[in-house]
Amino acid sequence: MTVPLRPEPIWDREMILTGSEIAAEHSAGRITLNPYNADQLNPNSYNYRLGNTLKVPHVGRGNKVEFEDQPLGEEGFVLQPRTVYLGATFELIGSNTYAMSLIGRSSLGRLGLFLQVSADLGHTGSAHHWTLELVAVKPLRIYPYMTVGQVTFWCNRGKIPKNASFFAKQHLPTESQFRAGWCQ
């Protein structure tokens with residue numbers, strides 16, 4: 001069976017924005033980065049920072065996982081191994097034009113901090129403070145407003161749906177809405 005070729009090869013299209021394009025699209029209002037700082041631009045991404053609050057899990061009534069808000073002060077907070085903490089980006093990040101992908105910084109990954117383990121893809125049409133999943137393999141001190149990751153912006157292929165309003169309401173670390181009993 002012969003697979004038909006696309007009339008326009010996908011590799012001929014622009015796919016990921018460069019730092020200069022991120023800056024231009026931010027200036028044109030097609031990318032939201034607030035606050036914006038040109039010093040946080042990279043060749044193909046924009047550095048984002050951790051906000052000033054964590055949600056720390058603990059076992060509550062009925063052995064259910066509950067989260068407690070933990071403000072991050074100047075002294076920081078030590079992440080413990082084998083625990084998923086929830087944070088949020090300090091920056092409001094979004095776009096009505098581009099899809100976004102959030103990843104951690106390799107420099108922190110080499111220290112044992114895993115960031116955005118499962119949810120790195122952002123929906124076009126939403127601008128919010130992203131919930132961040134933080135997992136450390138050894139005790140690691142984090143601080144409010146420290147640079148923890150990078151966001152990239154990608155061109156969409158096809159019609160962009162208008163259903164991202166749920167995510168636009170999230171501005172603090174947001175717990176899972178999944179309430180099955182298997183997490184005990």
Side-chain angles (χ1 to χ4, degrees), residues 16-17 19 22-23 25-42 44-58 65-79 83-109 113-136 140-154 156 160-179:
I16 187 171
L17 298 186
I22 292 170
E25 292 297 275
H26 174 264
S27 292
R30 289 184 285 273
I31 288 178
T32 300
L33 295 164
N34 187 14
Y36 176 80
N37 182 343
D39 292 339
Q40 291 172 232
L41 282 169
N42 297 312
N44 290 100
S45 63
Y46 183 86
N47 289 336
Y48 63 84
R49 296 171 287 166
L50 180 63
N52 61 3
T53 303
L54 280 183
K55 285 199 177 260
V56 178
H58 68 279
V65 175
E66 297 175 355
F67 286 86
E68 190 174 297
D69 287 343
Q70 172 67 52
L72 295 176
E74 288 182 17
E75 70 283 353
F77 181 84
V78 178
L79 301 176
T83 302
V84 178
Y85 298 88
L86 301 177
T89 60
F90 174 65
E91 289 82 7
L92 183 74
I93 301 171
S95 176
N96 287 326
T97 307
Y98 301 101
M100 296 137 287
S101 181
L102 266 72
I103 58 172
R105 292 187 56 135
S106 60
S107 57
L108 290 174
L113 178 63
F114 292 96
L115 191 79
Q116 290 315 89
V117 177
S118 68
D120 69 334
L121 183 61
H123 296 278
T124 305
S126 180
H128 57 94
H129 297 271
W130 291 48
T131 295
L132 302 172
E133 305 154 358
L134 297 97
V135 179
L140 182 68
R141 186 173 299 274
I142 59 170
Y143 297 91
Y145 315 115
M146 70 183 282
T147 300
V148 292
Q150 305 167 74
V151 58
T152 54
F153 295 88
W154 297 81
N156 291 286
I160 300 171
K162 303 288 185 200
N163 62 353
S165 60
F166 168 78
F167 299 101
K169 299 173 188 170
Q170 298 179 4
H171 294 290
L172 296 173
T174 303
E175 300 167 35
S176 173
Q177 303 304 303
F178 190 74
R179 294 291 181 222

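This chain uses plain numbering: 1 for the first residue, then up along the sequence. The structure presented is a predicted model; accordingly, all values stated were derived computationally and were not measured.
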Of all heavy-atom pairs between G104 and Q150, which one has the smallest distance, and what is that distance?
-> O-NE2, 3.9 Å
Please round to the nearest 0.5 Å and tell me the distance separating atom CD1 of I22 and atom OG1 of T152.
-> 7.5 Å
Could you check if a side-chain atom of L132 sits within less than 4.5 angstrom of a side-chain atom of L102, using non-hydrogen atoms only?
-> yes
Does N52 reach the side chain of Y145, with side-chain heavy atoms less than 4.5 Å apart?
-> yes
Nearest heavy-atom pair of H129 and L92: which atoms, and what distance?
-> CE1-N, 3.6 Å
Closest contact, heavy atoms only, W130 versus I93 | NE1-O, 3.3 Å
Would a 4.5 Å heavy-atom cut-off, applied to side chains only, mark F90 and P144 as touching?
-> no
Taking atom CG of L108 and atom CZ of F114, what is their separation to the nearest 0.5 Å?
-> 11.5 Å
Heavy-atom closest pair, residues V151 and Y48 = N-CD2, 3.8 Å
Between NZ of K55 and CG of D69, what distance do you get to the nearest 0.5 Å?
-> 4.0 Å
Taking side chain as C-beta onward, heavy atoms only, is E91 less than 4.5 Å from N34?
-> no
Kindly determine whether V56 and Y85 satisfy side chain to side chain contact (heavy atoms under 4.5 Å, CB included), including the steps that lead there.
-> CA-CA 5 Å; V56 178; Y85 298 88; 3.9 Å; yes
Work out which heavy atom in L17 is nearest to a heavy atom in E25; give both atom names and the distance.
-> CD1-CG, 4.2 Å
Student check: side-chain heavy atoms of N37 and Y46 closer than 4.5 Å = yes
Gap between atom CD of Q116 and atom OG1 of T131 - 0.5 Å precision | 8.0 Å
List the atom of I103, the atom of L115, and the distance in Å for their closest heavy-atom pair.
-> O-CD2, 4.3 Å
Should V148 and I142 be marked as a side chain to side chain contact (heavy atoms under 4.5 Å, CB included) after you check the CA-CA gap, both sets of side-chain angles, and the distance that decides it?
-> CA-CA 9 Å; V148 292; I142 59 170; 5.8 Å; no
Looking at CG of N42 and CD of Q40, how far apart are the two atoms once the value is rounded to the nearest 0.5 Å?
-> 9.0 Å
Spatial distance of atom CZ (F77) from atom OG1 (T53) [nearest 0.5 Å] = 12.0 Å
Output yes when a side-chain donor or acceptor of R141 lies under 3.5 Å from a complementary backbone atom of E75, and no otherwise.
-> yes
Heavy-atom side-chain contact between E66 and P57 under 4.5 Å | no
Verdict with reasoning, N156 to T124, per side chain to side chain donor-acceptor pair (under 3.5 Å) = CA-CA 8 Å; N156 291 286; T124 305; 3.2 Å; yes
Side chain proximity check, L54 to L134, heavy atoms < 4.5 angstrom | yes
Compare all side-chain heavy atoms of S45 with those of R105 and state whether any distance is below 4.5 angstrom.
-> no
